[in-house]
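The residues of the chain are indexed from 1 along the displayed sequence.
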Amino acid sequence: MTFDIVTDVERFDFDQIVPAVQSSYWGQGRQAEDIRRAFAGSAVVGVFEDGQQVAVARAITDGVYHAYIYDLIVFEPHRGRGLAHVLMDALFSHPQLKVVSGWMLSTRDAHGLYEKYGFAPMDPNRTMWMRRAQT
């Protein structure tokens with residue numbers, strides 16, 4: 001498999017990305033413009049095959065100590081081809097992310113994938129979360 005890895009968000013196919021995020025278990029209720037803004041403010045990777053985007057992921061980061069992976073999506077019908085691994089490898093080699101030492105993510109269904117990259121469950125007594133109401 002030969003793929004092009006793209007880190008320029010201007011080349012991304014948001015006609016695919018927006019509905020994919022909105023139909024995911026984590027992205028329900030997100031607005032299209034907010035999704036575009038989130039990608040514009042993140043370190044992003046897109047996987048393209050024959051000029052068509054087939055997968056996407058983004059990470060928020062300080063560029064040194066911490067990165068948090070969001071919205072890792074392989075579009076239908078391209079699942080089952082190892083593209084999640086291509087995305088993870090592309091994130092780890094991304095110019096904004098390649099020296100980051102601490103990585104986090106949240107998933108309810110892809111633990112096996114992320115464990116292959118060294119991710120492990122965190123101590124639930126250390127991690128906290130707060131969602132601020134939107135105004």
Side-chain angles (χ1 to χ4, degrees):
M1 292 183 289
T2 303
F3 301 103
D4 293 318
I5 305 301
V6 175
T7 59
D8 179 3
V9 73
E10 296 295 321
R11 292 186 50 200
F12 283 16
D13 182 356
F14 283 97
D15 289 339
Q16 279 194 100
I17 294 169
V18 168
V21 170
Q22 290 172 331
S23 66
S24 70
Y25 68 83
W26 66 87
Q28 295 176 3
R30 290 186 187 175
Q31 300 301 309
E33 185 56 34
D34 292 340
I35 293 168
R36 287 183 182 90
R37 285 180 49 214
F39 272 83
S42 301
V44 296
V45 293
V47 179
F48 287 73
E49 183 178 41
D50 298 326
Q52 177 188 15
Q53 188 163 13
V54 296
V56 67
R58 69 184 183 93
I60 58 171
T61 186
D62 62 13
V64 179
Y65 302 110
H66 189 77
Y68 196 107
I69 299 172
Y70 282 96
D71 300 327
L72 189 144
I73 300 172
V74 176
F75 302 127
E76 294 283 352
H78 305 284
R79 293 182 180 160
R81 299 174 56 204
L83 291 171
H85 291 281
V86 174
L87 283 170
M88 290 298 293
D89 293 342
L91 283 171
F92 288 139
S93 63
H94 189 289
Q96 289 177 264
L97 301 169
K98 63 184 172 183
V99 300
V100 171
S101 56
W103 290 76
M104 291 180 66
L105 58 85
S106 179
T107 186
R108 72 177 190 198
D109 62 1
H111 295 86
L113 166 70
Y114 299 118
E115 287 169 352
K116 290 177 183 173
Y117 287 89
F119 286 87
M122 293 179 56
D123 180 349
N125 296 317
R126 289 186 53 194
T127 304
M128 298 179 73
W129 171 260
M130 187 272 291
R131 182 177 300 273
R132 190 168 78 173
Q134 297 292 321
T135 56

Legend entry - Path from Val56 to Tyr25 over hydrophobic side-chain contacts below 4.5 Å: yes
Inset, instruction - Step through the shown structure and confirm whether more than 12 heavy atoms of other residues, nucleotides or ligands are within 6.0 Å of OH on Tyr65. - result: no
Legend entry - Lys116 and Met88, any side-chain heavy atoms less than 4.5 Å apart: no
Inset, instruction - Could you walk me through whether Asp13 and Phe48 pass the side-chain contact (heavy atoms from CB on, under 4.5 Å) test, one step at a time? - result: CA-CA 10 Å; Asp13 182 356; Phe48 287 73; 5.7 Å; no
Inset, instruction - Could you please spell out the steps behind the side-chain contact (heavy atoms from CB on, under 4.5 Å) verdict for Ile73 and Gln16? - result: CA-CA 10 Å; Ile73 300 172; Gln16 279 194 100; over 6 Å; no
Inset, instruction - Measure the acute angle between the ring planes of Tyr117 and Phe92, then classify it against the limits of 30° and 60° as parallel, tilted or perpendicular. - result: tilted
Inset, instruction - Kindly work out whether a path of hydrophobic side-chain contacts (I/L/V/M/F/W/Y, heavy atoms less than 4.5 Å apart) joins Ile69 to Val64. - result: no
Inset, instruction - Return yes when atom CZ of Arg79 has more than 12 non-hydrogen atoms of other residues, nucleotides or ligands closer than 6.0 Å, and no otherwise. - result: yes
Legend entry - Heavy-atom closest pair, residues Ile60 and Ser42: CG2-OG, 3.7 Å
Inset, instruction - State whether Asp71 and Arg30 are salt-bridged, where the test is any N-O pair (Lys NZ or Arg NE/NH1/NH2 against Asp/Glu carboxylate O) under 4.0 Å. - result: yes
Inset, instruction - Flag the pair Arg81 / Val86 as yes when at least one side-chain heavy-atom distance between them is below 4.5 Å, and no otherwise. - result: no
Legend entry - Closest heavy-atom pair and its distance - His78, Leu83: O-CD1, 3.5 Å
